[in-house]
There are 2 protein chains.
Amino acid sequence: MSSSRPRRTHDTDARPSRGIPEATVARLPVYLRALTALSERGIATASSEELARAAGVNSAKLRKDLSYLGSYGTRGVGYDVEYLRYQIAREIGLTQDWPVIIVGIGNLGHALANYSGFVSRGFGIVGLLDADPAKVGERVGDHVVRAYSELEDVVREYNVSIGIIATPASAAQEVCDRMVAAGITSVLNFAPVVLNVPPGVDVRKVDLSTELQILAYHEQRKALSARLTKVDGVPAERSSVAP
Amino acid sequence: MSSSRPRRTHDTDARPSRGIPEATVARLPVYLRALTALSERGIATASSEELARAAGVNSAKLRKDLSYLGSYGTRGVGYDVEYLRYQIAREIGLTQDWPVIIVGIGNLGHALANYSGFVSRGFGIVGLLDADPAKVGERVGDHVVRAYSELEDVVREYNVSIGIIATPASAAQEVCDRMVAAGITSVLNFAPVVLNVPPGVDVRKVDLSTELQILAYHEQRKALSARLTKVDGVPAERSSVAP
DNA sequence: TAGATTGTTAATCGATTAACAATC
DNA sequence: TAGATTGTTAATCGATTAACAATC
């Protein structure tokens with residue numbers, strides 16, 4: 001993809017904040033959470049082995065991941081929990097607070113609006129919007145639901161770049177288009193549709209029934225191999241015995 | 001990992017239902033949804049190109065994915081929407097209904113209990129459980145919240161193998177342990193903790209603030225490259241000019 | 001110094017993609 | 001038959017893992 005783009009031949013920057021692999025980026029929040037948990041338990045230093053256990057990964061992967069950020073550990077000792085926590089938070093961009101809006105204040109929107117995890121992790125809800133006039137004015141958590149028509153005003157007022165879509169599937173694309181037109185460049189989508197966005201806009205999808213379906217696939221296979229084990233005594237592996 | 005395990009040398013089974021790559025399994029639900037949408041629009045046949053567009057992937061990937069299931073298309077023509085839909089549903093295991101329970105009926109539990117997407121996609125909620133006596137007996141959607149202590153009863157009665165955890169982080173591991181002890185072998189976890197489970201139990205995690213943090217990371221980088229573009233005119237790419 | 005643990009290398013594995021022969 | 005499109009091959013890319021030299 002970018003193979004035709006020339007590599008930089010000299011780089012005076014000791015900490016390459018560029019080029020962190022996506023798989024690593026997706027794990028940084030997990031490490032951050034593990035470090036916060038260790039910190040709350042009063043633990044000042046942790047080895048890659050301990051940290052990895054807390055994060056549910058193996059230590060080789062953790063060390064490789066952290067190496068993309070820089071050298072924040074001490075050989076023979078481990079990592080300073082607070083220091084590493086700060087470095088990861090800075091890398092992700094959580095040393096600032098991100099204003100977010102939620103569009104669609106149904107059951108899920110309610111749950112998201114009340115979710116304390118957002119605020120505690122560097123995000124601030126600055127607007128709840130719904131197209132249903134019956135919902136406008138309703139109090140949800142610390143907020144009052146505003147009219148969907150005020151989307152542009154809210155985005156401008158708070159300089160919002162992250163939007164959450166919690167509408168029915170039928171409305172999601174139009175909400176997304178309007179968010180993007182208003183200047184939002186990152187979208188977290190809970191509606192079960194594939195959103196089309198212009199280049200430069202990031203979309204992440206949380207799909208509840210997809211997750212269950214993936215589990216169902218594996219359940220089915222467990223049931224299948226259990227049945228085959230009973231029949232011909234071959235565990236786990238599917239056998240192909242000619243009749 | 002399994003490189004020491006002997007490969008089957010002969011396989012009389014035309015459709016290898018084994019060995020579908022995880023990345024493919026994770027996309028099958030997306031294809032299923034795209035096919036359902038096409039079906040509802042009255043479209044009987046679709047090419048890999050059309051299907052791929054509806055699913056938000058490229059057509060090479062879609063064809064490769066489908067090839068793991070078998071040869072369900074017709075060269076020169078495309079795929080029969082209904083037929084392919086059925087084949088994918090069967091592969092995932094959605095030709096049967098999966099009973100699920102939800103533990104933790106807070107805001108999120110409410111939202112999940114009311115989410116129609118579960119039922120319409122092959123899952124049936126057979127129990128809502130909460131440890132808070134004040135919540136027991138409460139009506140949520142079609143269900144009445146039962147006491148957490150009844151977990152084993154519900155799992156046995158409905159032969160439940162999939163459990164959803166929507167409790168606070170502090171309770172999640174103990175709920176998970178109890179689910180597993182009761183016979184559940186697949187867990188969908190909404191609590192922001194890493195769950196420890198014995199081998200043979202699958203866990204999938206939906207982590208709301210992790211998703212936002214990943215978006216924040218990319219937002220930060222967009223803001224950074226925009227600023228650098230203004231300063232020295234190098235777009236997108238971070239430059240490392242000596243001062 | 002001896003012991004411990006990081007940061008990095010290199011091998012391996014799995015996923016993606018383009019291209020095209022097979023075939024409807 | 002000619003045109004279209006699948007199913008598969010092979011090349012490429014990115015992620016994971018084990019091993020260990022560097023170093024506290």
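Remember, predicted model here, so these are calculated numbers, not experimental data. Per chain, numbering begins at 1; letters A, B, ... match sequence-line order.
- Rounded to an integer number of Å, the gap from CG of A:Leu62 to P of C:dG7 is 10 Å.
- Checked against C:dT9, D:dA10, D:dA18, the side chain of A:Ala60 finds its nearest nucleotide in D:dA18.
- Both distances falling under 3.5 Å, in either a Watson-Crick or a G-U wobble arrangement, place C:dA21 opposite D:dT6.
- In this structure, A:Glu49 reaches neither bases nor backbone, as no heavy-atom distance under 4.0 Å exists between it and the strands shown.
- If you check D:dT6, C:dT8, C:dT17 against the side chain of B:Ser47, the one that comes closest is D:dT6.
- Across all strands shown, C:dA15 is found opposite D:dT12 as a Watson-Crick or G-U wobble partner, with both distances under 3.5 Å.
- In this model, the phosphate group of D:dG7 is approached by a side-chain N or O of B:Tyr79 to a distance below 4.0 Å at OP1 or OP2.
- B:Thr74 has no side-chain polar atom (N or O) that falls below the 4.0 Å cut-off from OP1 or OP2 of D:dT6.
- The base of D:dT6 lies close enough to the side chain of B:Arg75 for a donor and an acceptor atom to sit less than 3.5 Å apart.
- Taking only side-chain atoms of B:Ala23, from C-beta outward, the nucleotide of C:dA18, D:dT17, C:dT16 with the closest atom is C:dT16.
- Of the candidates C:dT16, D:dA15, C:dG7, C:dG7 carries the atom nearest the A:Ser71 side chain, counting heavy atoms from C-beta on.
- Checked against C:dA15, C:dA10, D:dT6, the side chain of B:Ser48 finds its nearest nucleotide in D:dT6.
- Residue A:Ser67 places its side chain closer to C:dT8 than to any other of D:dT17, C:dT8, C:dT6.
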(request) For the pair B:Tyr115 and B:Phe118, evaluate ring-ring contact (aromatic ring centres under 6.0 Å, His included) and give the outcome as yes or no after the intermediate values. (result) CA-CA 6 Å; B:Tyr115 181 48; B:Phe118 286 156; 4.9 Å; yes
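- Sequence order on DNA chain C of the closest nucleotides to A:Arg63 and B:Thr24 puts A:Arg63 first from the 5' end.
- Relative to the side chain of A:Arg27, the nucleotides D:dT16, C:dT16, C:dT17 differ in distance, and D:dT16 lies closest.
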